[in-house]
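Read the structure below first, then the notes.
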Amino acid sequence: MFFKRPVMLAVFSVTLAMLITVAPRHAMAAGPVHKMHTANMGWWKKARFGMFIHWGLYSVPAGVWHGKRVPGYGEWIKNDGHIPNKQYNALAKKFDPVDFNANQWVKIAREAGMKYMVITSKHHEGFCMFNTKATNFNIVKDTPWHKDPLAMLSAACREQGLKFCTYYSIMDWHSRDQLPAHASATHPTYNPTHFAPGRKAAYLRYMERQIHELITQYHTHLIWFDGQWMHGWNKSCARELYRYIRSIDPTVILNSRIGFGYGDYATPEQHIPPMGIPGPWETCMTINTTWGYVSWNHDWKSSATLIHHLIHCASGGGNFLLNVGPTAKGIIPQPEVKRLLAIGKWLKVNGQAIYGSHRTPFAKKLPFGYATAKPGKLFLEVTRWPKSRTLVVPMRNAITKAYLLANDLPLQTATGLGGQLVYLPAAAPDPVASVIVLKIAGPVQPLKQ
Ligand code: FHN
């Protein structure tokens with residue numbers, strides 16, 4: 001199956017172990033197979049919030065080719081703008097990110113309250129953002145800058161306490177081992193590629209060399225695969241790659257897009273499953289409507305929307321991987337920084353309700369917002385402060401203590417018809433989302449909603 005425009009569907013199998021996600025123009029992203037699970041998921045499950053970074057040659061044209069806007073995702077410009085290899089490769093000579101500052105990027109992520117960072121080591125374009133020995137088509141050898149941003153980010157993450165992780169595209173529009181969907185000297189279409197005759201094994205070796213580098217030299221804690229919808233990527237490729245990675249480091253976390261049921265967690269894209277999904281999962285999302293930088297895309301989501309998305313993910317037991325698309329000079333655009341800092345400000349007050357929390361115990365969405373849980377505590381993230389100044393919490397448990405997380409203000413409670421009642425002050429401490437903490441004995445016993 002092959003989609004022209006971004007579409008997302010989630011389908012559950014009978015066993016609930018398999019999540020199938022249909023993402024932009026590719027076949028499927030299969031869910032995790034837990035029996036093969038050896039990854040160190042502890043930190044990841046607690047983290048809840050990470051930074052996705054799409055940075056590559058595509059940040060040079062920034063959505064414009066020969067003076068015309070190319071609609072769609074910035075990182076797809078080679079395919080969507082039908083740019084021949086030679087012209088695209090020449091972008092490397094113009095890629096000079098003199099303003100890049102690894103410590104600054106990590107500081108922004110840290111101040112946003114993010115606990116990990118996933119950066120494109122190689123997107124579909126095939127350009128490598130690290131000092132790989134497997135190809136010269138990389139940022140150190142092929143640009144006037146000659147520096148290794150992944151090495152600097154890995155070190156900065158270690159220093160500032162974030163987990164450094166890398167994205168890796170299986171589909172490669174530059175590799176000679178893969179052929180474009182429609183070859184043309186002047187108007188090629190790359191997606192989806194297929195293996196050049198007899199070149200599958202060579203490409204697998206190429207990937208293994210690079211992944212070995214990412215694990216042993218860059219200490220990636222997680223590999224975020226993508227592009228597995230290229231023709232010819234099959235179960236035996238996925239199994240071979242999976243086993244190879246586990247043989248080097250069994251603790252590295254892998255997303256499900258290695259394909260065919262391998263991997264540790266599911267990856268809904270640009271949407272949040274309303275009540276979460278079984279097993280570990282992470283929604284990735286753009287702040288505007290492109291992953292890679294596009295100079296003319298100003299379709300920004302508000303800080304309030306992004307905070308609600310983060311809470312929504314946590315309430316469904318999932319992580320939120322929020323994307324930034326830095327410029328070719330190495331700057332994270334100001335509108336993105338502004339929104340990230342607003343989320344960080346909210347998390348400083350309310351982080352207790354998000355980090356290390358568990359999914360909502362309730363089967364349906366609550367009318368006033370969301371819920372997350374920890375042993376002995378239920379957190380209510382109120383996004384719609386009720387005019388009645390009363391929350392009805394559909395559970396049997398008696399509340400031993402209730403208070404506002406922002407200011408410790410104690411709240412009165414009572415047992416009512418639909419469950420436990422919590423009486424609120426007239427004004428919400430935070431118009432975006434205010435957290436109420438309920439202390440309870442034992443696990444939540446939900447009532448029928
Ligand atoms: O095609 C890519 C896209 O450019 C971007 O990298 C996203 C991020 O999840 N993944 C792919 C589409 O599923």
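Remember, it's 1-based here, ligands and their atoms both numbered in the order they're listed.
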Within a distance under 4.0 Å of any heavy atom of [X], pick out the atoms of ligand 1 and give their elements.
X    : result
C284 : 9 (O)
Y167 : 6 (O)
W76  : 1 (O), 2 (C), 3 (C), 4 (O)

*Best match, W291, W229, F225: closest heavy atom to atom 8 (C) of ligand 1*: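 Selected option, by shortest heavy-atom distance: W291.
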*Among M171, E75, H124, which residue places a heavy atom closest to atom 1 (O) of ligand 1?*
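Among M171, E75, H124, the closest heavy atom to atom 1 (O) of ligand 1 comes from H124.
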*What pairs with E111 under side chain to side chain donor-acceptor pair (under 3.5 Å), at least two apart in sequence or on another chain?*
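Listed in chain order: nothing, the list is empty.
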*Indicate, as side chain, backbone, both or neither, the part of W224 found under 4.0 angstrom from ligand 1 when only non-hydrogen atoms are considered.*
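Just the side chain.
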*Can you tell which part of R257 has a heavy atom less than 4.0 Å from ligand 1: side chain, backbone, both or neither?*
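Within the 4.0 Å criterion, R257 contacts ligand 1 through side-chain atoms alone.
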*Short question: side chain of T372, backbone of A353 - any donor-acceptor pair under 3.5 Å?*
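Such a contact is found between T372 side chain and A353 backbone.
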*Please indicate whether K93 has more than 12 foreign heavy atoms, meaning atoms of other residues, nucleotides or ligands, lying under 6.0 Å from its NZ.*
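Above 12, so yes.
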_Would you say NZ of K365 has more than 12 non-hydrogen atoms from neighbouring residues, nucleotides or ligands within 6.0 angstrom?_
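Correct, the count exceeds 12.
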*Parallel, tilted or perpendicular: which fits the ring planes of Y262 and Y242, with parallel below 30° and perpendicular above 60°?*
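Tilted.
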*For the residue pair H124 and W76, does the interplanar ring angle fall in the parallel (under 30°), tilted (30 to 60°) or perpendicular (over 60°) class?*
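Because their plane-to-plane angle is over 60°, the rings of H124 and W76 count as perpendicular.
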_On a heavy-atom basis, which atom in P326 and which in P333 lie closest, and how many Å separate them?_
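So the two residues come closest at CA-CD, 4.0 Å.
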*asked:* In this structure, does ligand 1 have an atom that sits under 4.0 Å from one of the heavy atoms of H123?
replied: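 The answer is yes, since H123 has a heavy atom less than 4.0 Å from ligand 1.
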*Hey, is ligand 1 close enough to H54 that some N/O pair sits below 3.5 Å?*
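There is such a contact, yes.
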